[in-house]
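The structure under discussion appears below in the form of structure tokens.
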Number of protein chains: 2
Amino acid sequence: MGVMERVASRRKKAVAPVETGAATIPVDSLLRGDCIAQMAALPDACIDMIFADPPYNLQLGGDLFRPEGGRVDAVDNDWDKFDTLGAYDRFTKAWLTQARRILKPNGTIWVIGSYHNIFRVGAALQDEGFWILNDIIWRKANPMPNFKGTRFTNAHETLIWASQGEDARYTFNYKAMKTLNDELQMRSDWVLPICGGQERLKRNGTKAHPTQKPEALLYRVLLACTKPGDVVLDPFFGTGTTGAVAKRLGRRWIGIEREESYIEVALERIADALPLDESALTIMQSAKSQPKVAFGTLVETGYCQPGTVLTDLKRRWQAVVRADGSLAVGTDSGSIHKMGATLQGAPSCNGWTFWHLDAGEGLKPIDTLRQTYLLANEP
Amino acid sequence: MGVMERVASRRKKAVAPVETGAATIPVDSLLRGDCIAQMAALPDACIDMIFADPPYNLQLGGDLFRPEGGRVDAVDNDWDKFDTLGAYDRFTKAWLTQARRILKPNGTIWVIGSYHNIFRVGAALQDEGFWILNDIIWRKANPMPNFKGTRFTNAHETLIWASQGEDARYTFNYKAMKTLNDELQMRSDWVLPICGGQERLKRNGTKAHPTQKPEALLYRVLLACTKPGDVVLDPFFGTGTTGAVAKRLGRRWIGIEREESYIEVALERIADALPLDESALTIMQSAKSQPKVAFGTLVETGYCQPGTVLTDLKRRWQAVVRADGSLAVGTDSGSIHKMGATLQGAPSCNGWTFWHLDAGEGLKPIDTLRQTYLLANEP
DNA sequence: AGGACTACTGAATCTGTAG
DNA sequence: CCTACAGATTCAGTAGTCC
């Protein structure tokens, strides 16, 4: 039991806005202008859910070129520029304060970000009194690689889901999530593709917004944590993914956006949005990747010790497993597949079936190790 | 705003400790007591990597960090929350300050946590001047379900990897990670099982430590970001997973722990850990770390005759090798890299892979000449 | 129609050394 | 501090063209 639980349990009164009842608010509409000013104009406790995709404050350096020569089309918009971390924190506190005020006592807030900003946003949420319910990892099926080989591929973004306080009740459609996930509890990591193809909105042939979010992501968020008819506010509306999905799911929406070019695209898009049919929904959500296991994982997890000697079925060659999952044969080394191919003079090779362990009573392919691993570690 | 302001301004001096050279520090050993006091006793810039799994339950460290006199007078019933979050932040800042001081300028720090504390830790890292390189998601293959069905199954933990500053160099064994992941770049989401079965340390039949980390996790961290012989410090040592894996991988370790019951288990465990021999420890090296060969050397030594005609893969251009190792294309000339870049209109080009020899049965990159040369002339 | 091949793209804190 | 330059570096997916 962590400190935050202990502390909040002493605080019995939830520090949350008061329900105002039927205040008149502009639903299914877009408010033009600065999100803090526009939120300030809304009454207390009128929103069921807030979904926010604030600027990430990326702090990119110069141009980045791909290995084949192309230039990466980076986010260089003014709205993502902040002079200091302190300035970003003040901005975050300002919009979170308003968000907390207009959110109903039993409403929840979702915020999405990357490592550039999400830690500051998460700390600010806690400082404001929000109670974190989950952090959710959007694992991108097809992220941009790290072209220079300097870091791990940045293959995910983080969402935080929080209520007004520890004792607040909130909407969580447990059964719907379980159904969506083939009768298994929905986990905190979601595998979804990035937004591209037909879904990606274009203007004059180029992307209308640099960071358009996939509808599948919003679909899951809204389906999990709102009821039909709920009012969903997105203070950083962009091209209106939140509005489009809300409309499709029978939720009401309010968007706030200040860039006229995004507004045009968003309104047109939402006007065209139709309720999704079941098959489209199923496809959208079933980005299940089959479990792939790298040979290196077996080394890391102790299923195959570094130093183990492998051989091919005819015992023509021997290889030693190294700490990084590579195989050493004489002075040459490489992955199980590469070394198998090299030794045979073949263009490719399935290392899983080529390499064998000497198990005393005979050789067995290393694929059996993978099967053992999968048996022990499949959900 | 102090540090935060300075760090946010790009390309400025990294606020980092000074290298002290050969300071005497106690390696491969466990220091008993409070981690802040023990780190304070270590010299500046003596550690290559810090791996930290800090508590988020202040029961472990709270006594030292109760608010001193003259503390913030918080308002109404928020005082306890503010007070306790503040105490956790002071604790975090205190140990991070020491960590930053004892870490070498080109060392890196890893911290693991969950949504209860990771946002505060991440923000504190940035406030101290650390530069986040990646956030990593440990995706648990077999997490504890959410029994009450009130939230998403909490199926991951977050790690942050950071350097001393934006311009700091750091160790990242890119090629080894790529090999470990079946020839694909290692991503920021790591699928690994939780610690259980034989690996889970028991004492009197119950688990010896509530949050023992799997060795596979530390294995990947240490393999990715340290070199053999590096000194790895773990200020929240627990049952010594970091020490056991460091010993296995030929890294030196320092652990700090104050609970006697964990210390006993840790020392016994590390004593039992078997170090891998040097051949198994060898990992795949990036081309970056291979000895450089100038193209001119290949011309001088006869591996490529002056007058040889080179072409790109699509045979769009032809170039003639000159005696000084430069290439002539029409009236223009320059290095293999410069000419490749010029012809493509690209900012840069790797001439070794751009230019090809016509070898009768097909084109082969001139990089194969370099490989041949290296094989024949390496010690 | 369909397969092979090419071109392009996505929230990216993306080089290192010598002079 | 700067500039110059050698040279290392990419995954999954969509769309279009050609045969």
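Chain identifiers are assigned alphabetically (A, B, ...) following the order of the sequence lines, protein sequences preceding nucleic acid strands; residue numbering begins at 1 within each chain.
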With a 4.0 Å cut-off on heavy atoms, is [X] in touch with a base, just the backbone sugar-phosphate, or nothing at all?
X	result
A/Q198	sugar-phosphate
B/N181	nothing
A/F65	nothing
B/L184	sugar-phosphate
A/T211	base
A/P54	base
B/K314	sugar-phosphate
A/G197	sugar-phosphate

Which nucleotide, in any strand shown, forms a Watson-Crick or G-U wobble pair with [N], with both distances under 3.5 Å?
N	answer
C/dG19	D/dC2
C/dT13	none
C/dG2	D/dC19
D/dA8	none

| message | Between B/H356 and B/F354 (side chain of the first, backbone of the second, donor and acceptor by atom type, cut-off under 3.5 Å), is there such a pair? | response |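 Yes.
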| query | With distance as the sole test, does B/T226 use its side chain to make a donor-acceptor pair with the main-chain N or O of B/L223 at under 3.5 Å? | reply | no
Taking atom [atom2] of [N] as reference, at what distance in whole Å does atom [atom1] of [X] sit?
X	N	atom1	atom2	answer
B/W355	D/dA8	CH2	C1'	18 Å
B/R169	C/dT13	CZ	P	21 Å
B/R187	C/dA11	CZ	C1'	15 Å
A/L58	C/dA11	CG	P	11 Å
A/N142	C/dG10	CG	C1'	8 Å
B/K338	D/dT3	NZ	C1'	15 Å
B/L313	C/dC5	CG	C1'	13 Å
A/L64	D/dT10	CG	P	13 Å

Any side-chain N or O of [X] under 4.0 Å from OP1/OP2 of [N]?
X	N	answer
B/Y174	D/dT10	yes
A/Y115	C/dT13	yes
B/H337	D/dA6	no
A/N146	C/dC14	no
B/K292	C/dT15	no
B/S335	D/dA6	yes
A/R200	D/dA15	no
B/K178	D/dT10	yes
A/R71	C/dA12	no
A/K207	C/dG10	yes

| said: Going by the glycosidic torsion and a 90 degree boundary from 0, is the base of C/dT13 oriented syn or anti? | reply: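 C/dT13: syn glycosidic orientation.
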On a whole-Å scale, what distance lies between the [atom1] atoms belonging to [N] and [M]?
N	M	atom1	value
D/dT9	C/dT9	P	25 Å
C/dG19	D/dG7	P	14 Å
D/dA15	C/dA11	P	16 Å
D/dT10	C/dA7	C1'	15 Å
D/dC19	C/dA1	C1'	12 Å

Regarding [N], can its base be found pairing with the side chain of [X] as donor and acceptor, where the two atoms are less than 3.5 Å apart?
X	N	answer
A/K213	C/dA11	yes
A/R151	C/dT13	yes
A/R66	C/dG10	yes

Listed nucleotide nearest any side-chain atom of [X], set [options]:
X	options	result
B/K288	C/dG10, D/dA8, C/dT13	D/dA8
B/R370	C/dT13, C/dC14, D/dA8	D/dA8
A/I194	C/dA12, C/dA11, D/dT10	C/dA11
B/A287	D/dT9, D/dG7, C/dA12	D/dT9
A/Y56	C/dC14, C/dA11, C/dA12	C/dA11

| message | Heavy-atom nearest nucleotide on DNA chain C for A/E68 versus A/M144: which residue maps closer to 5'? | response |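 Nearer the 5' end of the strand: A/E68.
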| said: Go nucleotide by nucleotide along DNA chain C from the 5' end; which of A/P210 and A/T150 gets its closest nucleotide reached first? | reply: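 Nearer the 5' end of the strand: A/P210.
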Short N-O contact, [X] and [Y], less than 4.0 angstrom:
X	Y	answer
B/R139	B/D189	no
A/R120	B/D127	yes
B/D182	A/K292	no
B/K175	A/D324	no

| message | Quick one about A/H337 and A/S335 (side-chain donor to acceptor, distance below 3.5 Å, no hydrogens or angles considered), yes or no? | response | no
| field | Any side-chain donor near an acceptor of the partner, A/T241 and A/R269, under 3.5 Å | value | yes
| said: With the six-membered base ring of C/dT13 as reference, does the ring of B/W131 sit under 5.5 Å away with planes under 30° apart? | reply: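 By the stated criterion, B/W131 and C/dT13 stack.
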| said: Between B/F172 and B/W161, is the ring centroid distance below 6.0 Å? | reply: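 They qualify: ring centres under 6.0 Å apart.
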| task | Could you tell me the separation between the OG1 atom of A/T153 and the CZ atom of A/F147, rounded to the nearest 0.5 Å? | result |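 Here the rounded value is 9.5 Å.
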